[in-house]
Visitor: 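Just dropping this structure here.
Values reported hereafter were calculated over all heavy atoms of this structure, with side chains retained and with hydrogens, waters and symmetry mates removed. When a residue number appears, it is its place in the shown sequence, counting from 1.
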Amino acid sequence: MDAFTAGIIQRIKSAEEDLHRAIASGDEFLAEVEQSELDDLRRLAAEHGVDPVQELHRTAA
């Protein structure tokens, strides 16, 4: 895995965790912000040919 892929996957994991925390705390505004960040990271990954779902499964194995 190259540095870009590793970095974007780590940022996606972090954004997902932040989103879950925001939802759990009931902070709707923060949840919207975190969802937007996650959407942007997924779009960026796709633009560079990185499939976050596949990479996350690969790193979990």
Visitor: Decide whether Ile12 and Phe4 are clustered together by the hydrophobic rule: side chain heavy atoms of Ile, Leu, Val, Met, Phe, Trp, Tyr closer than 4.5 Å, transitively.
Guide: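 Same hydrophobic cluster.
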Visitor: Sub-3.5 Å donor-acceptor pair from the side chain of Ser14 to the main-chain atoms of Gln10, do we have one?
Guide: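 Such a contact is absent between Ser14 side chain and Gln10 backbone.
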Visitor: Rounded at 0.5 Å granularity, tell me how far CG in Asp40 sits from CG in Leu44.
Guide: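 So the CG of Asp40 and the CG of Leu44 are separated by 8.5 Å.
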Visitor: With heavy-atom distances below 4.5 Å as the criterion, would you say the side chains of Arg11 and Glu37 are in contact?
Guide: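 Yes, their side chains come closer than 4.5 Å.
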Visitor: If you count the non-hydrogen atoms of other residues, nucleotides and ligands that lie under 6.0 Å from CD in Glu28, is the total more than 12?
Guide: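 At most 12 heavy atoms, drawn from other residues, nucleotides or ligands, come within 6.0 Å of this atom.
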Visitor: If you define the side chain from C-beta out and look only at heavy atoms, does anything of Pro52 sit under 4.5 Å from Ile8?
Guide: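 No; the side chains remain at least 4.5 Å from each other.
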Visitor: Got a second to check how far Glu17's CD is from Leu38's CG, nearest 0.5 Å?
Guide: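 So the gap between those two atoms works out to 11.0 Å.
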Visitor: Please list every donor-acceptor pair under 3.5 Å in which a side-chain atom of residues 18-26 meets a protein atom from a residue at least two apart or in another chain.
Guide:
residue : atom : partner : partner atom : Å
Asp18   : OD1  : Arg21   : NH2          : 2.3
Ser25   : OG   : Arg21   : O            : 3.3
Ser25   : OG   : Ala22   : O            : 3.0

Visitor: Partners of Gln35 by side-chain hydrogen bond (donor to acceptor under 3.5 Å, both in side chains), sequence neighbours excluded?
Guide: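 Counting only residues at least two positions away or on another chain, Gln35 forms a side-chain hydrogen bond (donor to acceptor under 3.5 Å, both in side chains) with Asp39.
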